[in-house]
There are 2 protein chains.
Amino acid sequence: MKKPNPPFMTGVPELLVLRLLAEREMYGYEIVRAIRLASRDAIVLAEGVVYPLLHAMEAKGILTAKERKVEGRNRVYYRLSAKGQKRLDALIGEWERVQEGVHSVLENPTHGSV
Amino acid sequence: MKKPNPPFMTGVPELLVLRLLAEREMYGYEIVRAIRLASRDAIVLAEGVVYPLLHAMEAKGILTAKERKVEGRNRVYYRLSAKGQKRLDALIGEWERVQEGVHSVLENPTHGSV
DNA sequence: GTTCGATACATACAGCCAATAGGTATAATA
DNA sequence: TATTATACCTATTGGCTGTATGTATCGAAC
């Protein structure tokens, strides 16, 4: 059986994390807060979501990780690879396609039919 | 362990099907085509997605089903129950919340931080 | 009159995302 | 000294949704 495509709406956490890291390198705990802030609490990704995601993306070569000691604390900073930038572009395109598709159906559900 | 909430982006097929049925009663095969049409091929739900979804929603009391013979063909027509209308409203709200949240992060990823 | 595509329904199987629930350790604060 | 915030981590689970496949009938084409 062919590997199924991911569902329509998945990949949002990945999209958001990549978008943040496109801005500047960040560490996991910081990403968790930043998403909550930037989305005004509309989207809250728990650490249990973000950390495994970061690890998976690093394993895929989408991100590179660098441990660093800052203010007496160990942090793992992530940054986008070239592959990650491409992945981000693809996810943004996907998102826009789906978002517009949903919008069309919501606004004009019986276009062409009836 | 508490039952986990569904992921952010799931529920799109359900949302779209409910939105169509809020307009008028429809049958499964028709719904498949209508979503493709209304979304201009942005979203293509195969029959293997739509039919089980309709069954599940009927089982939950969100839809009511009525078999009917039209033009020599057996069709199962679905229509929204009151519960279904509420469910639709909730999903639309969810969608808008997430959609705006994603938009905010994409447009202004480092709001409040930096 | 048979073959083919479109219509119309259905289920089995599988994969993977992400949500919850924990757990460790250190710094700062009260 | 106890608690809160920081900062990382993994295990487990569950459900959505994708693919594949099967059945049957109608109409059109050949």
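Within every chain, numbering begins at 1; the chains are lettered A, B, ... in the order of the sequence lines, protein sequences first and strands thereafter.
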>> Please enumerate all residues that pass side-chain contact (heavy atoms from CB on, under 4.5 Å) together with B:Asn74, with sequence neighbours excluded.
In response: B:Glu67, B:Lys69
> Any side-chain N or O of A:Tyr29 less than 4.0 Å from the OP1 or OP2 oxygen of D:dC8?
Replying inline: no
> Do B:Glu30 and B:Arg33 sit within salt-bridge range, that is, some charged N less than 4.0 Å from a carboxylate O?
Replying inline: no
>> Give me each pair satisfying salt bridge (Lys or Arg N to Asp or Glu O under 4.0 Å) with a member in residues 35-60 of chain B, each pair once, sequence neighbours excluded.
In response: none
> Nearest-Å distance, CD1 (B:Ile31) to C1' (C:dA10)?
Replying inline: 15 Å
> Partners of B:Tyr77 by ring pair (Phe, Tyr, Trp, His ring centres under 6.0 Å), sequence neighbours excluded?
Replying inline: B:Tyr27
> So does A:Tyr51 get a side-chain nitrogen or oxygen closer than 4.0 Å to the phosphate oxygens (OP1/OP2) of D:dT10?
Replying inline: no
> Given atom CG of B:Leu53 and atom C1' of C:dT11, what is their separation to the nearest angstrom?
Replying inline: 15 Å
>> Using a strict heavy-atom distance below 4.0 Å, which residues from residues 54-62 of chain B are in contact with DNA chain C?
In response: B:His55
>> Expected output is a numbered-order residue list: members of residues 67-77 of chain A with a heavy atom under 4.0 Å from any atom of DNA chain C. What is it?
In response: A:Gly72, A:Arg73
> Quick one: which of B:Val17, B:Leu20, B:Leu21 gives a side chain to side chain contact (heavy atoms under 4.5 Å, CB included) with B:Leu80?
Replying inline: B:Leu21
>> Under 4.0 Å, heavy atoms only, any strand: does A:Glu47 hit a base, just the sugar-phosphate, or nothing?
In response: base
> To the nearest angstrom, how far is B:Tyr27 atom OH from D:dT25 atom P?
Replying inline: 18 Å
> Between atom CD of A:Glu100 and atom CD of A:Glu96, what is the distance when rounded to the nearest 0.5 Å?
Replying inline: 6.5 Å
> Roughly how many Å is it from CG in A:Leu15 to P in C:dC17, rounded to a whole number?
Replying inline: 14 Å
>> According to side-chain contact (heavy atoms from CB on, under 4.5 Å), who are the partners of B:His103, at least two apart in sequence or on a separate chain?
In response: B:Glu107
> Please give, in whole Å, the distance from D:dT6 C1' to A:Glu30 CD?
Replying inline: 12 Å
> For the pair made of CG in A:Leu45 and C1' in C:dA21, what is the distance, rounded to whole Å?
Replying inline: 17 Å
> Roughly, in whole Å, what's the span from CD in B:Glu14 to C1' in D:dT17?
Replying inline: 12 Å
> Of A:Ala46 and B:Tyr78, whose nearest nucleotide on DNA chain C comes first from the 5' end?
Replying inline: B:Tyr78
>> Strictly by salt bridge (Lys or Arg N to Asp or Glu O under 4.0 Å), give each pair with a member in residues 75-93 of chain A just once, sequence neighbours left out.
In response: A:Glu14-A:Arg87, A:Glu25-A:Arg79
>> Once you apply a heavy-atom cut-off of 4.0 Å, does A:Gly48 come out as touching a base, just sugar-phosphate, or nothing?
In response: base
> Can you pull the ring pair (Phe, Tyr, Trp, His ring centres under 6.0 Å) pairs that have at least one residue in residues 29-52 of chain B, sequence neighbours excluded?
Replying inline: none
